[in-house]
Structure formats: structure tokens, C-alpha cells
There are 2 protein chains.
Amino acid sequence: MSQEDSRGVLEAAHSGGRASDTIVDRLQHQILSGELPDKSPLPSERDLMERFSASRTVIREAVATLASRGLLDAKPRFRPIVRKPGYDTALASVGSIVELLLEQKGGVGSLFQSRVFVERGLVRDAAVSAGKSDIANLKDALQRNQDAIEDSNVFYATDVAFHAVLYQIPRNPIFPTLHNAYATWLAPHWSRMLRSPERNRVNYASHETIYMAILERDPDAAEEALVDHLNTAWEHVRQTFGDVG
Amino acid sequence: MSQEDSRGVLEAAHSGGRASDTIVDRLQHQILSGELPDKSPLPSERDLMERFSASRTVIREAVATLASRGLLDAKPRFRPIVRKPGYDTALASVGSIVELLLEQKGGVGSLFQSRVFVERGLVRDAAVSAGKSDIANLKDALQRNQDAIEDSNVFYATDVAFHAVLYQIPRNPIFPTLHNAYATWLAPHWSRMLRSPERNRVNYASHETIYMAILERDPDAAEEALVDHLNTAWEHVRQTFGDVG
DNA sequence: GAATTCCTCTTGGTCGGACCAAACTTTTCG
DNA sequence: CGAAAAGTTTGGTCCGACCAAGAGGAATTC
């Protein structure tokens, strides 16, 4: 706990740190302040060399760091694009590690279990305090879900969308991001599940049950329906390929 | 000698990727497989150059990438240390972005709100399904909490520990990590809050109420007590410095 | 003999220059 | 005017070099 490197806004790297840290800080500040507009390309490396009077090595290292933080969108042979950080940025930056964790035994199961936990809370809250617009959104999503029963691909999309509505209800930007995370990391496994209009019909019915319970302001019923819905789906995923823990 | 020449490395560059990606993959594999033991230092860069027959530039880039993924613990002038990924690794790797997000208006509030959401679910579940050992752990933590009322610093630690027990109950490694995240990211704000034996007494009483509700298998009471507890604390934090949105 | 100081070798951080191929611009030409 | 060709910029990679800080061992001291 003795690593109290005070993050001084000014020179922090003089005493043994990396030179790139200074540039990272400065660039980061320029990005956050809008001096480097969002979605605009970063100046060329040779250009940055002059601005910061540093070698290309250091510049490239700084750029790489910023990219790993998600403040730059750096595709191989292209100019890095400035990207102001949002909650999704954080999500993207953990992606690579999470993928590793998911490969380990029980990884996907733990993630899914946490999703059930979250959505249980979401539907309970929805049942208690969903506003008119929330309910309208749910109804909308439910309708689209029903209309897509015959087309499994579209159904999958509307299924995700229905659940997404639940994450919007708390009006907390963290939740939609969370949903995004689940959708992203669970999709590879989820999509292997066999799909058919029959199964879609069952899932739609579950959605409807959840919706009705929310309408009726019955948290317990909503939670139960949600748990039932997700666990059933999970069972199908497990059956499709059994070793997910 | 190197029997591979430059075949392996250059191959990947053909498809537009970076040469370092190949090395990142190989090193990552060696780390995950245990070929490079956990907590052992990485070979020197010059050494790696030969093993992968790549330039130091590429090696360094690969190391930096792995470090950003949390698979290596790379302090400035020291040899990078191999670190097998766990859930906490993922947490660490988002740290820098999250810190930025928290600085933005409403950031801390959103995070705290999500914590309340999570812990509400946790105490509900605890009330419904906590096992004997869980309850024993809670009781233990509660006792330590009480014993520390006179010492605000210790009290803070035992306070965190009490909540941590809640995150252990689901037996899902994601939750303790989550708790860690909250503790880490909220602490800077939390710790500014005025502390005193009187406040500690109030907080202890809240913990006790929560514990009792769990004992009595009353999810609603547990949730209510938890919400009350956290919101009160939050109010104190906001009063201490009003600009957290 | 153990601790300390000093010296040397190693190693990570940085630099500058160079080359290539892909991306971007400008010019040329049908 | 639009497409093809020529020219320029730029990111990716490699090389060789230098410096200062870390690591290890030798010499020195108590």
C-alpha cells in the first residue's frame, strides 16, 4: 500500500516514471477538454513528436496506452480516432480479459447467474415503480417480439431488445451498459442454442408473463416469471453444449 | 539457434494485423498454460527477441499490450511479473477509465445507486437462503463492527467487511469482485465523510437491523433496512461535499 | 564473518534514422 | 468529369546506440 504516487496534474514522470505518461496525461486532458474533438483523427505521429518534442517511440507508446484505455480507437494501419470515454468504453476495455475468464470453467455460468440476479432486481423494481413510458416501452418491445416469432433471427434481436428495456428503467447509465455487456459476452454461447418458432413461442409467453406481472404491480410474480424464463433458456443452452458448468 | 527464422512472425502481418499480436497470443498462451509460472518474472526483452525472432520494438509492444490486459504486472524499471488472470484482474484493467467516468457529473451517484441496487438483491437473497455459515459470518462481522465503534478507522474497515460478507453469499466469484470494485471506486469519496463514534453507532445499528431481518428471514425488512442504511450514509457523503450530483 | 561499499554487467527506457507497404493526395488522361 | 496513375504521407517494423537504474558479485570495513 506504499505506492502512493500522487497523481499530480503536472510533471509526475520525472522521477523514474515513463516519459510517455506525461504525454498520455496531456493527450488525455486534450481529449477530455474537447481540444481534440471526439471522433476526429489524431495528428500524425511525426506531428505529435514535434508538439511534445518526444521521440516517436514515446509517442507511439502513449498512443497505445490511450488506445488501451479506450480513449482512442486505433485500428492497425489507420489514424487513431479520438473517442470520448463513456460507460461503453469501459466495457470495451475489459473485453479481452473477460473473454479469458469466460473460457475457464464456470465462467459463463457465473456471468449468467449474475445476470439473473440483476434482472430479478430489475423486474421487481419495474413492478413497483415503472412509469407509463417504461410500460409503454415494454409493451412495444413485447409486440415486436411477438411479431417476430416466425423468424428466429429477428426474434432473437427482439428478445434482447425486450430485456434491454428493463435495464433502461432505472435511468442509470450503468445498467444499459451492463445489458450490453451481458449481450456481448453471453451471445457467443447463447446463439448456439437451437432456435425454432416453437421455442420462440415459449419465450414470448414468458416475456408476456413478466410484462403482465409488472402491469399488475406484482414484484414477486414478476421475479418468479423472470427466473423461470432465464433458467429455462439456460437449460437449453446447457443442453446444446454441456460443459459450461 | 532460431530455427524459425522470421516465418512465424511475419506471417500474421500479412493479414493486416500487427506483428506484436502474434507474440501477444503466444505469450498469453504460455501464461495461461503455466509454461510461464504465475508471479515469475518475464525473460528479458533481449531474450524474448531471440525466442520470437522479433525486434525489440515488437516485443516491447507485446509486453505493453499484455500489461494493459492485466496479464503482466509491469512497473517502470522492473521486470514484468506474470500474473494469471482472475476476476480482480479485469477490475484493475478498467480502473483508469472508471476513474474518468466518476469525475463526470453524476458518475459517483450512478455507481452508488447501482451498489444500492445490488445490495438490495443480496440482502433479499440472504434473508431467503443464507446458510448457517453465511449467518455465522455475518454475525462475526457484525461483532467486529460493534467492537470498533470507538475507533472510526477500524470501524470503517469492519463496515466494509460486513458488506463484503453479503457479496460472498451467492458463491459467485463475480460478486466479491464487484464488492471490491465498489470499495475501491467509492472509497475516495466515502472516506471524506465525517466519522465519529456517534455516526458509527448509527451505522452499527443499521447493520444490526439488517442482520436481524436476515435472521428472521424477512426479505422486505432486510431490503428496507439496507436501503435506509445506504441512503443515509449517502446523504452524509453528499453533505460533506455537495458536488457529486 | 557479516555488513557495507564499490564496481561491473545487465536490462529497461529512450532516441534517431531507415525502410516498406498501405493509405491518402494530386495529377494525368480517356 | 471520372477513373487510373503517379507522388506523398504515414503507420508498422527493424536496427543500433546510449543512458541510468537495477542486480550481482568483489572488495573493503568493522
Side-chain angles (χ1 to χ4, degrees), chain A residues 2-3 5 11-27 31 36 39-83, chain B residues 1-2 4-27 31 36 39-83:
Chain A
S2 58
Q3 61 213 13
D5 274 352
E11 66 220 29
H14 266 250
S15 57
R18 306 175 214 274
S20 63
D21 289 349
T22 309
I23 302 190
V24 167
D25 285 346
R26 290 218 264 166
L27 277 176
I31 292 175
L36 286 172
K39 296 180 182 175
S40 69
L42 209 62
S44 77
E45 295 177 351
R46 270 114 178 155
D47 192 339
L48 292 173
M49 291 180 58
E50 291 190 7
R51 299 199 195 190
F52 297 105
S53 53
S55 70
R56 200 142 84 93
T57 309
V58 173
I59 296 294
R60 284 179 61 77
E61 199 176 310
V63 169
T65 300
L66 281 259
S68 82
R69 287 190 193 176
L71 292 176
L72 292 177
D73 189 13
K75 282 171 294 186
R77 281 245 160 219
F78 294 81
R79 197 73 75 73
I81 304 294
V82 173
R83 194 172 48 182
Chain B
M1 292 270 204
S2 50
E4 308 178 305
D5 281 332
S6 49
R7 230 179 316 171
V9 174
L10 294 183
E11 203 170 323
H14 266 251
S15 54
R18 308 173 217 271
S20 64
D21 289 349
T22 310
I23 302 189
V24 167
D25 285 346
R26 290 218 260 165
L27 277 177
I31 292 175
L36 287 172
K39 295 180 181 175
S40 69
L42 210 62
S44 78
E45 295 177 351
R46 271 113 177 157
D47 192 339
L48 292 173
M49 289 179 61
E50 290 189 8
R51 298 201 195 189
F52 296 106
S53 54
S55 70
R56 201 144 85 93
T57 309
V58 174
I59 296 293
R60 284 179 60 77
E61 200 176 311
V63 169
T65 299
L66 288 180
S68 81
R69 287 190 192 176
L71 293 176
L72 292 177
D73 190 14
K75 282 173 293 184
R77 279 257 163 206
F78 293 80
R79 197 71 74 73
I81 304 293
V82 173
R83 193 171 47 181

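Just so it is clear, the values below take in all heavy atoms, side chains as well, and ignore hydrogens, waters and symmetry mates. Lettering of chains follows the sequences in order, A, B, ..., and the numbering in each one begins at 1.
- Distance CD (A:Glu50) to C1' (D:dT9): 14 Å, rounded to an integer number of Å.
- Contact detail for A:Leu71 and A:Ile31: the closest heavy-atom pair is O-CD1, 3.9 Å.
- Rounded to whole Å, the distance from CG on B:Asp47 to P on C:dT10 is 13 Å.
- Just one of B:Leu27, B:Thr22, B:Asp47 meets the side chain to side chain contact (heavy atoms under 4.5 Å, CB included) condition when paired with B:Phe52; it is B:Leu27.
- Atom CZ in B:Arg56 sits about 17 Å away from atom C1' in D:dG12, given to the nearest Å.
- Nucleic acid contact for A:Ser44: sugar-phosphate only, since backbone atoms but no base atoms lie under 4.0 Å from a heavy atom of the residue.
- For the pair B:Glu61 CD and C:dG13 P, the interatomic distance rounds to 14 Å; values are reported in whole Å.
- With rounding to whole Å, B:Met49 atom CE is found 8 Å from D:dC15 atom C1'.
- Among all heavy-atom pairs drawn from A:Ile23 and A:Ala62, the shortest one is CG2-CB, 3.9 Å.
- The side chain of A:Arg79 approaches D:dG11 more closely than any other nucleotide in the set D:dG11, D:dT13, C:dC15.
- Side-chain nitrogen and oxygen atoms of B:Arg60 include at least one within less than 4.0 Å of the OP1 or OP2 phosphate oxygen of C:dG13.
- The main-chain N or O of B:Glu50 is never found under 3.5 Å from a side-chain atom of B:Ser53 such that the two would form a donor-acceptor pair.
- Straight-line distance from the CZ atom of A:Arg77 to the C1' atom of C:dC19: 11 Å, rounded to whole Å.
- Side-chain atoms of B:Ala19 lie closest to D:dT13 of the nucleotides D:dT13, D:dG12, C:dT14.
- The separation between A:Glu45 atom CD and C:dG16 atom P is 15 Å, rounded to whole Å.
- Between the side chain of A:Arg56 and the backbone N or O of A:Met49 there is no donor-acceptor pair closer than 3.5 Å.
- Here A:Arg18 does not reach the OP1 or OP2 of C:dT14: none of its side-chain N or O atoms lies under 4.0 Å away.
- Mapping A:Phe78 and A:Arg46 onto DNA chain C via the closest heavy atom, the residue that lands nearer the 5' end is A:Arg46.
- Put simply, CZ on A:Phe52 is 20 Å from C1' on C:dG16, counting in whole angstrom units.
- The side chain of B:Ser55 lies closest to D:dC14, out of D:dC14, C:dT14, D:dG11.
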